[in-house]
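Below is one structure, written out as structure tokens; comments come after it.
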Amino acid sequence: MKSLKLSLFAAAGALMLTVAAQAQSVAKPTIKASTPAAAAATEEKNTQPSKISWKEDSYNFGDIEKGKPVSHEFTFKNTTDQTILITNVKASCGCTATNYTKTPIKPGETGSVTATYNAHSVGSFNKTVTVTTNDSDVKKVLIIKGKVLTPEGEQTAPAGTKS
């Protein structure tokens, strides 16, 4: 008799767990747009590139000395009919620092993005800085490149040796 009560109690517990689990999966809310037009608007992205006019989108520093950071200022003009705001600037790695115009740029005004490379490692480099603006979902990629040289008087250790 005791084992029958235990079996019934276990079956009732399993049934309650099953019902509770199903109730929670059914009760999960789904987020939907209130109208089909609103749904389309939230999914639409502006796939046209920004119409701001960059003076250049690539810069070659040439040969630079190790340990001496170099900077270049990329400038642009707002050739659109709306105020532009740079919403994000991201360098491709930690060896490049950025600074940019953080205030709104009205039509006809200019703005800039400055890229500073730290020149810590000897050898060629090719880095990108990605710029996002409020008028387009298409990001602008700026490129800096060059070659870091070993300073005079500093020897590089031959491969396979410790210095």
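Of the possible polar contacts, none joining the Thr101 side chain to the Thr103 backbone as a donor-acceptor pair under 3.5 Å is found. Of the possible polar contacts, none joining the Ser71 side chain to the Thr116 backbone as a donor-acceptor pair under 3.5 Å is found. Thr87 contributes a side-chain N or O that, together with a main-chain N or O of Thr132, makes up a donor-acceptor pair within less than 3.5 Å. Counting only distance, with no hydrogens or angles, the side chain of Asn134 and the backbone of Ile84 share no donor-acceptor pair below 3.5 Å.
No more than 12 heavy atoms of other residues, nucleotides or ligands shown are found within 6.0 angstrom of NZ on Lys68.
Ion pair Lys140/Asp57 flagged as a salt bridge, since at least one NZ, NE, NH1 or NH2 atom sits closer than 4.0 Å to an Asp/Glu carboxylate oxygen. Note on Glu109 versus Lys106: no salt bridge recorded, every NZ/NE/NH1/NH2 to OD/OE distance being 4.0 Å or above.
Ring-plane geometry between Phe76 and Trp54 is classed as tilted, the angle between the planes lying from 30 to 60 degrees on a 0 to 90 degree scale.
Among all heavy-atom pairs drawn from Ala119 and Glu65, the shortest one is CB-O, 3.9 Å. In plain terms, the two heavy atoms of Val129 and Ala115 that are nearest each other are CG2-CB, 3.9 Å. Counting all heavy atoms, side chain and backbone alike, Asn78 lies closest to Ile105 at ND2-O, 2.7 Å.
In this structure, NE2 in His72 is found 7.0 Å from CZ in Phe61, a value given to the nearest 0.5 Å.
Annotation: Tyr59 is not in aromatic contact with Phe74 [ring centroid separation under 6.0 Å not met].
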